[in-house]
Amino acid sequence: MFSQFPIGKKVLVTGIGKNKGTKYLNNIGIVICRDPYYHDYNIQFEDTSEDWLNVNCLKNYEGG
């Protein structure tokens, strides 16, 4: 199945995470993997924390 955000892609995260309900506003993260059943993405942030997010919370990161 087609993945909109491939593994290793930098993304901009705005939304609520599924692990602890953390709210993200324009945080930068890297895609670790995608759940094949729920279609959520596991994102690793700059502080090495990880969270699962819905595809609607992600946008392509076009910065440096």
Run the side chain to side chain contact (heavy atoms under 4.5 Å, CB included) test on V55 and H39 for me, step by step, so that the C-alpha distance in whole Å, both residues' side-chain angles and the decisive distance to 0.1 Å come before the verdict.
CA-CA 7 Å; V55 68; H39 306 291; over 6 Å; no

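Annotation: the span from I43 atom CD1 to N19 atom CG amounts to 11.5 Å, rounded to 0.5 Å. Rounded to the nearest 0.5 Å, atoms CD (E62) and NZ (K10) are 13.0 Å apart. Of the inter-residue distances, the one linking L53 atom CG with L58 atom CG reads 6.0 Å to the nearest 0.5 angstrom. Taking OH of Y61 as the start and NZ of K9 as the end, the distance is 11.0 Å to the nearest 0.5 Å. How far CZ of F5 is from NZ of K59: 10.0 Å, rounded to the nearest 0.5 Å.
Contact of the Y41 side chain with the V11 side chain is not registered, since no non-hydrogen atoms from C-beta on lie closer than 4.5 Å.
Looking at residues two or more places apart in sequence or on another chain, you find a side-chain contact (heavy atoms from CB on, under 4.5 Å) between Y38 and D35, D40.
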Using atom types as modelled, flag every donor-acceptor pair under 3.5 Å from a side chain in residues 20-33 to any protein atom, sequence neighbours excluded.
unit_1: Y24; atom_1: OH; unit_2: D51; atom_2: OD2; d: 2.8
unit_1: N26; atom_1: OD1; unit_2: T14; atom_2: OG1; d: 3.2
unit_1: N27; atom_1: OD1; unit_2: L25; atom_2: N; d: 3.0

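Across C57 and G15, no two heavy atoms sit closer than the pair SG-CA, 3.8 Å.
Hydrophobic cluster membership for I16: none, as no Ile, Leu, Val, Met, Phe, Trp or Tyr side chain comes under 4.5 Å of it.
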